[in-house]
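Written below as structure tokens is the structure these notes are about.
Note that the structure is predicted; figures quoted are calculated from it, not measured. The sequence lines fix the lettering, A, B, ..., with proteins before strands; numbering per chain opens at 1.
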There are 2 protein chains.
Amino acid sequence: MESTTSQSLFRPAQIGRASEDVAVQIEAAIMSGQVRMGERLPSERNLQVLFSTSRGVIREALRALKQKGLIEVRKGAHGGAFVKTLEVLNASEPLALFLKQQQVSYENIIEFRESMDRTIALLAISRGEEKDKHCLLEQTVAFEKLINEPAPNMETVAEMLGQLNLIFVKMTKNPVFEMIMRTIQIGFSSQDQTLYEHAVYRFEAALNWRETARQIIACEALKTLSCISYHYALLQHCLAEKK
Amino acid sequence: MESTTSQSLFRPAQIGRASEDVAVQIEAAIMSGQVRMGERLPSERNLQVLFSTSRGVIREALRALKQKGLIEVRKGAHGGAFVKTLEVLNASEPLALFLKQQQVSYENIIEFRESMDRTIALLAISRGEEKDKHCLLEQTVAFEKLINEPAPNMETVAEMLGQLNLIFVKMTKNPVFEMIMRTIQIGFSSQDQTLYEHAVYRFEAALNWRETARQIIACEALKTLSCISYHYALLQHCLAEKK
DNA sequence: CGTCAGTATTGGTACGGCCATTAGAAAGCT
DNA sequence: AGCTTTCTAATGGCCGTACCAATACTGACG
């Protein structure tokens, strides 16, 4: 039973900040796989006993773990704290927050993104399956069509742009690139938006996306890189102008 | 007075999870600059009144904010929750945790790191000041000396390696690279360690570090990249062997 | 067999109290 | 006066109880 394993799993919390101690122990139990994904932790009242502490302490610990994205809490009968598979959003948010607070200049962000995109592009060319490559092209065509509408919905634009980037980065077959990319995007999607707000850049940028996809299909590495550089050059101009 | 501004700053919490509502409101107040860095939030008992809620709710909210790295809590008279400048560690930890839980293969990590290092190297060559470049060389020499000792202390090795990478990445003059780099390192410092555990690779890797520094000083971009590739080739061999 | 009320479990909230820690104020000593 | 000690008040940390709200299961009833 659950209680049987839990009894030996946790030890009473005593030192300084009890809630932290509890949080650390529970986190350790989760990360070491002693509590499997999707499984339920003992109830608050139960943990209270296991840790020989008060319910308030347990609740504070659970709050921290929830904030960390490790658990998900449901109420009602058979509710409780369930071990959750971490999501990119949870992992990326703090970093995005940090970048914001540090007021990193947009030039720095752009520089990083461009360097990432260049690497991603090379990997996409060599590893991306034909299917994905053509899917990317189709998306860029659809995107261009959307952009050429009289008054494109900016929300739809943002969504498609996200899709586009996702397909692109997935072709690397390396999840690390995907995570880092999404992290940056979570914090700075607004940057990309501005590019598509001005009619001057909008068409050019969309066209360039399609051209990028074509060069990827053609396995033209240098030309692909050229397209990417052009994209960020546009973005930089656009942002500089806005200032 | 503090209470005067706070009264108009927060509104009572009512919806579903009160502590989340409170946390969101406080975070908004912090991020919008209404509460400045280092400043103190009202006391728990005070917030309890401002939000028309119980102290437990306030404490849970503060826990979440603390976990997020936004505040720091001190006890005693004149204690309380102080707005903190975010640290890389706070921001990077969740992402590192995520990478761990996803069980990303070490090949993927290495691939990402290598691509990062290549970009960083190029930026370091073009932007790094002479002073920094020579500082890097000195560190590599010191590092090599340490490695050549009969029984190098692995903790010291890890520390110097961290220093080395820090100097390296700082030369880019772009904090984004620094953060991403540290994020990866927080989760996977053990990877680097293994390289220096085996005598076979140890000397070669240390020597290669020095060679890298020399090529950076000489502004030999291609040779620098070659060094970096060699480093990761070693690492890959080492890890494959261990398996 | 299906529907609906009842019930037990669990998280969410509130209130009140006590302790440990801390910084500053007050008192005392030299 | 100047330093040390003691006192005091503010604050976070912790505990316990009680009640509410949501929820899934149970069983009676139609």
Indicate yes or no: at least one non-hydrogen side-chain atom of A:Glu44 is less than 4.5 angstrom from one of A:Arg59.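 SC-SC contact between A:Glu44 and A:Arg59 confirmed.
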Can you measure [X] atom [atom1] to [N] atom [atom2] for me and round it to whole angstrom units?
X	N	atom1	atom2	result
A:Leu47	C:dG11	CG	C1'	12 Å
B:Gln48	C:dG17	CD	P	13 Å
A:Glu72	C:dT10	CD	P	17 Å
B:Arg17	C:dT13	CZ	P	8 Å
B:Phe51	C:dT13	CZ	P	14 Å
B:Ile58	D:dT11	CD1	P	14 Å
B:Glu44	C:dC19	CD	P	18 Å
A:Arg59	C:dC15	CZ	C1'	15 Å

Give one of base, sugar-phosphate or nothing for A:Arg74, where a contact means two heavy atoms less than 4.0 Å apart.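 Answer is sugar-phosphate: A:Arg74 comes under 4.0 Å of backbone atoms only.
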Hey, does B:Gly56 reach any base, or is it just sugar-phosphate, or nothing, if we go heavy atoms under 4.0 Å?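 It contacts nothing in the nucleic acid.
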Taking atom types as modelled and ignoring hydrogens, do the side chains of B:Thr172 and B:Arg127 form a donor-acceptor contact shorter than 3.5 angstrom?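 B:Arg127 and B:Thr172 do not have a side-chain donor-acceptor pair below 3.5 Å.
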Charged N-O contact under 4.0 Å between A:Lys173 and A:Glu129: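 Yes, charged N to carboxylate O under 4.0 Å.
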Tell me whether the side-chain N or O atoms of A:Arg45 pair up with the base of C:dG11 as donor and acceptor below 3.5 Å, since no angle test is needed here.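 For A:Arg45, whose side chain was compared with the base of C:dG11, there is a donor-acceptor pair (under 3.5 Å).
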Is a donor-acceptor contact shorter than 3.5 angstrom present between the side chain of B:Arg55 and the base of D:dG13?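 When only heavy-atom distances are counted, B:Arg55 does reach the base of D:dG13 through a donor-acceptor pair under 3.5 Å.
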Strictly below 4.0 Å: does A:Ser54 bring a side-chain N or O up to OP1 or OP2 of D:dC15?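 For A:Ser54, the contact criterion (side-chain N or O under 4.0 Å from OP1 or OP2 of D:dC15) is met.
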C:dA14, OP1 or OP2 - any side-chain N/O from B:Thr53 closer than 4.0 Å?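 So the side chain of B:Thr53 is within the cut-off, an N or O lying under 4.0 Å from OP1 or OP2 of C:dA14.
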Could you state the interatomic distance from OG1 (A:Thr140) to CG (A:Leu164), rounded to the nearest 0.5 Å?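 Spacing of OG1 (A:Thr140) from CG (A:Leu164) equals 6.5 Å.
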Which residue pairs pass the ring-ring contact (aromatic ring centres under 6.0 Å, His included) test with at least one member in residues 161-182 of chain B, sequence neighbours excluded?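 Qualifying pairs, neighbours excluded: A:Phe112-B:Phe177.
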For the side chain of B:Ser43, counting heavy atoms from C-beta on, which of D:dT11, D:dC15, C:dT13 is nearest?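 For B:Ser43, the side-chain atoms sit closest to D:dT11.
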For the residue pair A:Arg113 and A:Tyr232, would you count it as a cation-pi contact if the rule is NZ or CZ under 6.0 angstrom from the ring centre and within 45 degrees of the ring axis?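 No, A:Arg113 does not lie over the aromatic ring of A:Tyr232.
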Listed partners of B:Tyr196 passing ring-ring contact (aromatic ring centres under 6.0 Å, His included), at least two apart: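 ring-ring contact (aromatic ring centres under 6.0 Å, His included) check on B:Tyr196 returns B:Phe143.
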Nucleotide-resolved protein contact map, nucleotides 22-28 of chain D, B/S/- at heavy-atom distance under 4.0 Å: BBSS---
